[in-house]
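Counting convention: from 1, in listed order, for ligands and their atoms alike. Sequential numbering from 1 along the given sequence is applied to the chain's residues.
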Amino acid sequence: MNELQSIVAAARTAFEAASASADLENAKAQFLGKSGRITELMKGMAALSVEEKKTQGASINVAKQDIEAALQDRRQALAEAQLQKQLQAQALDVSLPGRVRGQGSLHPVSLAQERIERIFASMGFDVADGPEIESDWFSFTSLNNPPNHPARSMQDTFYIDTKGADGVYYNLRPHTSPMQIRYAQAHVRKHGGDFDVAAGRLFSGDMPEIRVIAPGRTFRVDSDATHSPMFHQVEGLWVGEDISFKDLKSVYLSFITSFFETDALQLRFRPSYFPFTEPSAEIDIMFETGPLQGKWLEVSGSGQVHPQVIRNMGLDPERYIGFAFGSGIDRLAMLRYSVNDLRIFFEGDVRFLSQFA
Ligand code: DAH
């Protein structure tokens, strides 16, 4: 090994031995620095002949390049090692499960209600909302349910035991039927109808038909697998000049077949009694296929709006006539989603609710 080769070998060994970049730079100075061994050799060339300078110079250059290459390799290796160390210190355990945000969803009763609203809207029905704390007049009297009449006990009403500021008693509405009167009165006023129910002055002029559904919360003193103190109803009302039971049947059949996405069902009217309709009927449906096949299921009360109710809407019953219905939204949701205990809707159990996400 000549001198140059041994210098290169010594440089490599020194670089390898450097374990931090400061050590490496010191080692570099020993070989390539101003008084390093390569520089010393260069200086020593002054005494050589021109020919010798050429060959010796070339060899020194090769050695210098070898040393620089070794230096560069070592620099890279140290940088790499430094990076690895840093990566290990900041290691991420990618096998840990992430913190995911649970997928939210609408409540099944809300899903059913939205579905009902969409279907009736497609048939030209307006969707209305009204107060849940209702006066005695709207909840009962306006619906042809006179004070102290035994028909009031059909609904186990929650009463508020102090009178309102207007001096009358209020209740948590036991049904959505008050919305018939509220909506109709607003509709008549909106179309210029002047009326005064108390004075017996009624509207008998022209106005667009009343066609509305009013879904919402209702309340009764009742609680078991199919009744909850808070539940949901949807009221329907169509009043015009020649609206009859056949319209009720076609509207309700369209609705129920859309709601359950099947034509394989039958609908029947079963005579019944409600103070606000005459005649009155329960609407039953029967599925021709599926798990509930062959059973008649009650889904709604209905009837032709009683003339006294038409009057309380501010309308002349000699000119206006129509039908109304009131269906349980929770019951429709139970049938649609095969839920057999109503209470599960209102327990807030995520294991149940997440199935609708
Ligand atoms: N309001 C009734 C109830 O809660 C349901 C009902 C029956 C509504 C007949 C109506 C109707 O509009 O015509 O039981």
F276, portion touching ligand 1 at heavy-atom distance under 4.0 Å:
side chain

Could R173 and F138 be counted as a cation-pi pair, given that NZ or CZ must be under 6.0 Å from the ring centre and within 45° of the axis?
no

Below 4.0 angstrom from a heavy atom of S177, which ligand 1 atoms are there? Numbered from 1 as shown, please.
1 (N), 8 (C)

Tell me if the aromatic rings of F276 and H175 count as close, with their centers under 6.0 Å from one another.
yes

What atoms in ligand 1 come closer than 4.0 Å to a heavy atom of E235?
8 (C), 10 (C), 12 (O)

Location of contacts on E278 toward ligand 1, heavy atoms closer than 4.0 Å
neither

Is there a heavy atom of H306 sitting under 4.0 angstrom from any atom of ligand 1?
no

For S354, the side chain to side chain contact (heavy atoms under 4.5 Å, CB included) test, sequence neighbours excluded, returns V350

Ligand-residue contact atoms, ligand 1 with Q233, heavy atoms, under 4.0 Å
3 (C), 4 (O)

Please walk me through it: do M313 and L237 pass side-chain contact (heavy atoms from CB on, under 4.5 Å)?
CA-CA 12 Å; M313 291 173 177; L237 178 70; 3.8 Å; yes

Subset of ligand 1 atoms that lie under 4.0 Å from at least one heavy atom of T277:
13 (O)

Candidate pair S244 and D242, rule side-chain hydrogen bond (donor to acceptor under 3.5 Å, both in side chains), full reasoning
CA-CA 6 Å; S244 74; D242 54 4; over 6 Å; no

How about F255 and F120: are their ring centres within less than 6.0 Å of each other?
yes

Ligand 1 to G303, heavy atom cutoff 4.0 Å, flagged ligand atoms 13 (O)

For P174, is at least one N or O under 3.5 Å away from an N or O on ligand 1?
no

Determine yes or no for a side-chain-to-main-chain donor-acceptor pair under 3.5 angstrom, with S49 supplying the side chain and E52 the backbone.
yes

Using a strict cut-off of 4.0 Å, indicate which atoms of ligand 1 neighbour a heavy atom of A324.
12 (O), 13 (O)

Does the side chain of Q113 pick up a donor-acceptor pair with the side chain of E117 at under 3.5 Å?
yes

Which of the atoms of ligand 1 are close to R220, meaning less than 4.0 Å from one of its heavy atoms?
3 (C), 4 (O), 14 (O)

A student checking ligand 1 against Q180 at a 4.0 Å heavy-atom cut-off should list atoms 12 (O)

